[in-house]
Amino acid sequence: MPDAPAIVWFRQDLRLADNPALDAACKSQRPLILLYVLDDETPGRWRTGAASRWWLHRSIEALAETIAKRGASLTLRRGRADQQIPLLVEQTGAGAVYWNRQYEPYAVDRDRLLKPILRAKGVVVESFNAALLHEPVTLRTKSGEPYRVFSPFWRAILARGVARAPLPTPKALRQWGGVEGNALRDWNLLPASPNWAAEFESEWAPGEAGASAALQRFLSEKLAGYFEGRDQLGQRATSRLSPHLHFGEVSPVQIWRAVNEAGGGDKFLSEIGWREFSSHLLLHFPTLPEKNLRPAFDAFPWRHDPGALAAWQRGVTGYPVVDAAMRELWATGYMHNRARMIAASFLLKHLLIDWRHGQDWFWDTLVDADLANNSASWQWVAGSGADAAPYFRIFNPVTQGQRYDADGAYVRRWLPELAALPNALIHAPWEASAAQLATAGVELGRDYPHRIVEHAEARARALAAFKGLSSMRKSEP
DNA sequence: TTTTGAGTTGTTCGA
DNA sequence: GTCGAACAACTCAAA
């Protein structure tokens, strides 16, 4: 039995069950050093955003607790991981380092450089796939290219199936001596004054136990009605597993297994597939968060309009379903999937503001902010990405509201100032008569803003801009 | 190599 | 009120 300890480097895999790196470390029979490194330098501008930092704090707290129950402790370090890991190896004489892979470009580059440095010191280094159903480099079209269209990508995964069964939770963890580390509270991940995350606390239960409970609740209460209910903004018909998945509190393999044991759910599993597809794209196209996947979009005439951007961010565009969505995001760190499409379409097509501004805002305000999902999805809505939405798909915020929030429950929850308007008017308050507005106690421009753009005009402007893009392409040599 | 069918989530207009 | 067509052209994946 080797005496030199094994370091388990936790990253976006904050769980004990189905954790291949932890499993390998336990099987190595070495005493363990369980480590998390807060690295705000390596990711550059993609360092963990504000809302995600709240989640991260709570998730680490939960992980440390479950580790403690098994007789070990979680060591916290801060700084560049490519310096902290070798430093810890030196300080402890560690003989092995295990981690689960990430697919963000900065992480891929860092890990690729770190591995040979550690191995040169005689350290055993192993990395594993814990975040995806299949390692994304192994999925290729028949001609050997990465997939750029979702459907064939997903068909390929379905044909292959998921062979791996989830790994069990280790019963006990044998800790190696004492290691110095930071105190979690000193990282200041939680907002202080003002505490804008107050509502997060009642909304979410970060950590492995919370993820497991959310999955069980979804399977027993919502999976059967997922197909019908998933687009209804006022219902909690979606899984809300995205932040748990981002932080690795539950794995897609566990979800795959659980859904199939519960009788299956193709539509829901294909959403797991989209997450998979986004990581595949980011791995193969590492500039996805910065550059248009379709270079033709480099010529798109995005508008510079800080006022309109701010109105969108604060949820004061004058379109109730858009504003409700943006306020849900601000209050809870989350936004319903359908609402994300409506709000994103509005920013890109009604306001003609660059998708990268939307991406930045979501990055900072979402608790499930994920570089692959965020950039792939924004580019998808913009039309600049893989398998992108056609240029003429411009959501009408009134029609969408009426279709997916027919009883106005979603708007009333997030825009209480409009609560007294009747259903027929709640998605278009500007159509209300003076008497109807007075009855509802609403004065437009005072209690709720006038529209910052008129739909038909904005739609025509967007169509013209996209048309210009295609004619520009034609005129290229 | 060439060909063929397909491609998450929509809206509007006119019959 | 309902329904089908138009809204472009391009690129992708596989036969």
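Fair warning: this is a prediction, and the values are worked out from it, not measured in the lab.
The interatomic distance linking A:Y147 (OH) with B:dG7 (P) rounds to 14 Å, in whole Å. Rounded to an integer number of Å, the gap from CH2 of A:W274 to P of B:dT9 is 9 Å. For A:Q402 and B:dG10, the CD to C1' distance is 15 Å, given to the nearest whole Å. Atom CG in A:L469 sits about 11 Å away from atom C1' in C:dA9, given to the nearest Å. Between the CZ atom of A:F277 and the C1' atom of C:dC12 there is a distance of 10 Å, given to the nearest Å. Computed from coordinates, the A:Q379 CD to B:dG7 C1' distance equals 18 Å when rounded to whole Å. In this structure, A:L139 places its CG atom 16 Å from C1' of C:dC12, rounding to the nearest Å. Following rounding to the nearest Å, A:L293 (CG) and C:dC12 (C1') show an atom-to-atom distance of 12 Å.
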Inset, instruction - For A:Y404 and A:Y410, run ring-ring contact (aromatic ring centres under 6.0 Å, His included): C-alpha distance rounded to whole Å, both residues' side-chain angles, the deciding distance at 0.1 Å, then the answer. - result: CA-CA 9 Å; A:Y404 299 114; A:Y410 185 67; over 10 Å; no
Inset, instruction - I would like to know whether A:L425 and A:Q436 meet side-chain contact (heavy atoms from CB on, under 4.5 Å); could you show each step before the answer? - result: CA-CA 9 Å; A:L425 293 167; A:Q436 286 169 318; 3.5 Å; yes
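Here, B:dA6 and C:dA8 have their P atoms 22 Å apart, quoted to the whole Å.
Annotation: A:W430 is in aromatic contact with A:Y319 [ring centroid separation under 6.0 Å].
A salt bridge links A:D40 with A:R53: the closest approach of a Lys/Arg side-chain nitrogen to an acidic carboxylate oxygen falls below 4.0 angstrom. Under the 4.0 Å criterion applied to side-chain N and carboxylate O atoms, A:E417 and A:R327 are assigned as salt-bridge partners.
Among the heavy atoms of the strands lying under 4.0 Å from A:Y404 are primed sugar atoms or P, OP1, OP2 only; no base atom is included. Residue contacts shown for A:R403 are limited to sugar-phosphate atoms, with no base heavy atom under 4.0 Å away. No contact: A:K349 has no heavy atom under 4.0 Å from any strand. Contacts of A:F395 with the nucleic acid, taken as non-hydrogen atoms under 4.0 Å apart, involve only primed sugar atoms and P, OP1 or OP2. When heavy atoms are screened at a 4.0 angstrom cut-off, A:Q400 is found touching the sugar-phosphate backbone but no base atom. Heavy atoms of A:Y391 sit under 4.0 angstrom from at least one base atom.
Classified by interplanar angle (parallel below 30°, tilted 30° to 60°, perpendicular above 60°), the ring pair A:F200/A:W196 is perpendicular.
In the set C:dC12, C:dA8, B:dT11, B:dT11 carries the atom at the smallest distance from any side-chain atom of A:T399. Listed nucleotides C:dA14, B:dT9, B:dT12 differ in distance to A:K142; the shortest reach to its side chain belongs to C:dA14. When the nucleotides C:dA8, B:dG7, B:dT9 are ranked by their closest atom to the side chain of A:V149, B:dG7 comes out on top.
A:E201 and A:W54 are linked by a side-chain donor-acceptor pair at a separation below 3.5 angstrom, with hydrogens and angles left out of the test.
A close approach under 4.0 Å does occur between a side-chain nitrogen or oxygen of A:N396 and OP1 or OP2 of B:dT12. In this structure, A:H350 does not reach the B:dT11 phosphate: none of its side-chain N or O atoms is under 4.0 Å from OP1 or OP2. Between C:dT11 and A:R294, no contact under 4.0 Å exists linking OP1 or OP2 to a side-chain N or O. One finds no side-chain N or O of A:R338 lying less than 4.0 angstrom from the OP1 or OP2 phosphate oxygen of B:dT9.
Of the residues listed (A:Y334, A:F218, A:W55), the one engaging A:H244 in a ring-ring contact (aromatic ring centres under 6.0 Å, His included) is A:W55, and it is the only one.
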Legend entry - DNA chain B base-pair string [pairs: Watson-Crick or G-U under 3.5 Å; |: paired with another strand]: .||||||..||||||
